[in-house]
Each structure stands twice: as structure tokens, then as C-alpha cells.
Novice: 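Take a look at this one; I'll ask things after.
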Amino acid sequence: MNKNRLEAFSDGVLAIIITIMVLEFKIPHGHSFQALEPLISVFISYFMSFVFVAIYWANHHHLLQGLKKVTSGIIWANMALLFWLSLIPFATGWMGENHFEANTMALYGAIIMLSGVSFSILQNQVVRNIPDNEKLKAGFDRMKRKGLFSSIAYPIGIICAYIHPLIPTLIFLGISGLWLIPDKNIEAAFQNQDFREDIES
């Protein structure tokens, strides 16, 4: 499969996920600002999920830049990632409609945790199929460490959902902040002329 086809399909799925999430907003019948109050929790859950999906899109884009060929392992790892991400609108809507009740936050945390695990699996598949480059290796090693930290923090957030909803919210947003900016080593590797010629040859 052509790499561009994989990226285009993934971009389309992520765009649909964001579109579905925004449809959770029901237009209030009143015209006062008080009529918007019931939508506050829905907006917060939408904001959280929008940030998550946007970060996945950015890191997915950077991950695939150095890819020379698409293998069946990459295809199915990518599909597993999209599967879990496609469940985010459901978990987002349930959490927002129920004002961050414990069970809804636990399910939300489980889905974004499994999305993170799937991304790590995809990363491992991609790393096997890219040219050797020291800067790129350093960047991917740092991504692995961030993935390990996330895999520990997500279960803590899920457990804390039964203590107070603010705790997992801060944990989940903290994890997203960790992934907000792609590694500079990866960017430097892709800007190297010899490396670009290597993956394009």
C-alpha cells in the first residue's frame, strides 16, 4: 500500500471523529446565557477529546514521515489505533451528558489508554521499517519513554475517577500536554537532506 493512502484514510477518520463529537452539542431553546449552563460539561468533555484527537493526528503525521514502505503489520496496527479513537465520541458524549460521573470517566480513561497502547504498537511497527538515523532513533526512544509514563498514568487516572472527577481530568490533560509538541530530534532528522533522499529513493 502507498503511504499516502494510509495517511489520507487516517486523516479522514480523525476528521469524522471530531465532526461526530461536535454534534453532541444540542442547541438550547432559550436565548439567555443561562440556557448554555447545561452544556458546560459537554463542552469541557468535547475540549478534552478535541485536544486528544488533535495530538494523535500531529504525532501520527510525524510518525509516518520517515516511513519508506507500508507493511501489513503497520496497516493493522494503524487500524487498531483508529478503532479505539473512533470510540472517543461515544465516551465523550456519555461523560459530558452525565457530568463526569465516575463510571463515565473510567470508560473514557480506558479508551484513551488503549488508544495510547495502540499508538505505541504502531510506532514499533514503523520503527522496523525506517532507515537508520541517530536523531530519529533518539526521538523515537523519547517517544517510548513518554508512552511508558502514559501507560502508568492512565490507570491511576481511571482509579482516581472514583475519588473525584477533577483528579483524572488533570491527569488526562497532563498526559496530553506531554505529547503536545513532537520531538525536535524527529523534526531535525526529517529536515536532513540525506535522510529525505534515503526515504524517497
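Start at 1 with the first residue, then count along the sequence.
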Novice: Same cluster or not: Leu170 versus Ile163, using hydrophobic residues (I, L, V, M, F, W, Y) connected whenever any side-chain heavy atoms lie under 4.5 Å apart?
Specialist: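 They do not share one cluster, since no chain of ILVMFWY contacts under 4.5 Å joins Leu170 to Ile163.
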
Novice: Quick one: do the Ser45 and Trp94 side chains pair a donor with an acceptor below 3.5 Å?
Specialist: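 Short answer, no.
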
Novice: Over 60° means perpendicular and under 30° means parallel, so tell me whether Tyr154 and Phe172 are parallel, tilted or perpendicular.
Specialist: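 Tyr154 vs Phe172 ring planes: tilted.
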
Novice: Do you know which two heavy atoms are closest between His99 and Ser41, and how far apart they sit?
Specialist: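 Heavy atoms of His99 and Ser41 come nearest at ND1-OG, 3.1 Å.
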
Novice: May I ask you to test the His62-Asn59 pair for a side-chain heavy-atom distance under 4.5 Å?
Specialist: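 Not in contact.
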
Novice: Run through Leu14, Val13, Ile112 and flag the one making a side-chain contact (heavy atoms from CB on, under 4.5 Å) with Leu85.
Specialist: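 The single option meeting the side-chain contact (heavy atoms from CB on, under 4.5 Å) with Leu85 is Leu14.
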
Novice: With ILVMFWY side chains joined below 4.5 Å, transitively, what does Ile20's cluster contain besides itself?
Specialist: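 So far as hydrophobic clustering goes, Ile20 is joined with Ile16.
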
Novice: Say whether Trp57 and Asp11, considering side chains only, have a donor N or O and an acceptor N or O under 3.5 Å apart.
Specialist: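 A donor-acceptor contact under 3.5 Å links the two side chains.
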
Novice: To check you understand the geometry: which heavy-atom pair defines the closest contact between Val53 and Met21, and what is its length?
Specialist: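 Distance-wise, the nearest heavy atoms are CG2-CE, 4.3 Å.
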
Novice: So if you build clusters from Ile, Leu, Val, Met, Phe, Trp, Tyr with side-chain heavy-atom gaps below 4.5 Å, do Phe50 and Ile175 land together?
Specialist: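 They do share one cluster, since a chain of ILVMFWY contacts under 4.5 Å joins Phe50 to Ile175.
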
Novice: Got a second to check how far Thr169's OG1 is from Ile44's CD1, nearest 0.5 Å?
Specialist: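 CD1 of Ile44 is found 8.0 Å from OG1 of Thr169.
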
Novice: Only counting residues at least two apart or in another chain, list the ones meeting salt bridge (Lys or Arg N to Asp or Glu O under 4.0 Å) with Asp141.
Specialist: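 By the salt bridge (Lys or Arg N to Asp or Glu O under 4.0 Å) rule, Asp141 matches Lys137.
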
Novice: Name all residues meeting the ring pair (Phe, Tyr, Trp, His ring centres under 6.0 Å) criterion together with Phe47; count only those two or more places apart in sequence or in a different chain, and write none if there are none.
Specialist: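 Counting only residues at least two positions away or on another chain, Phe47 forms no ring pair (Phe, Tyr, Trp, His ring centres under 6.0 Å).
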
Novice: Kindly give the heavy-atom pair with the smallest separation between Ala102 and Ala161, and that separation in Å.
Specialist: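 The answer is CB-O, 3.4 Å.
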
Novice: What's the separation between atom CG in Leu173 and atom CE in Met48, rounded to the nearest 0.5 Å?
Specialist: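 Interatomic distance, Leu173 CG to Met48 CE, rounded to 0.5 Å: 5.0 Å.
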
Novice: Which atoms form the tightest heavy-atom contact between Ala15 and Thr19, and what is the distance?
Specialist: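 Closest approach of Ala15 to Thr19, heavy atoms only: O-OG1, 2.9 Å.
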
Novice: Which donor-acceptor pairs under 3.5 Å do the side chains of residues 74-83 make with protein atoms, sequence neighbours left out?
Specialist:
{"residue": "Asn78", "atom": "OD1", "partner": "His60", "partner atom": "NE2", "Å": "2.7"}
{"residue": "Asn78", "atom": "ND2", "partner": "Ser10", "partner atom": "OG", "Å": "2.9"}

Novice: What are the two closest non-hydrogen atoms of Gly147 and Trp179, and how far apart are they?
Specialist: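 For Gly147 and Trp179, the tightest heavy-atom pair comes out as N-CZ2, 3.4 Å.
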
Novice: Would you check if Asn124 and Lys144 make a side-chain contact, meaning some heavy-atom pair closer than 4.5 Å?
Specialist: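 SC-SC contact between Asn124 and Lys144 confirmed.
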
Novice: Using side-chain heavy atoms (C-beta onward) and a distance below 4.5 Å, is Tyr108 in contact with Ile158?
Specialist: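 Side-chain contact under 4.5 Å: no.
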
Novice: For residues 6-33, pull every pair meeting ring-ring contact (aromatic ring centres under 6.0 Å, His included), keeping only residues two or more places apart or in separate chains.
Specialist: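 Counting only pairs at least two positions apart or across chains, the ring-ring contact (aromatic ring centres under 6.0 Å, His included) contacts touching residues 6-33 are Phe25-Tyr46.
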
Novice: Might you point out which heavy atoms bring Glu101 and Thr104 nearest each other, and give the distance in Å?
Specialist: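 Heavy atoms of Glu101 and Thr104 come nearest at O-OG1, 2.6 Å.
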
Novice: Hydrophobic cluster mates of Tyr162, side-chain heavy atoms under 4.5 angstrom, ILVMFWY only, any path?
Specialist: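 Hydrophobic cluster check, Tyr162: no partners found.
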
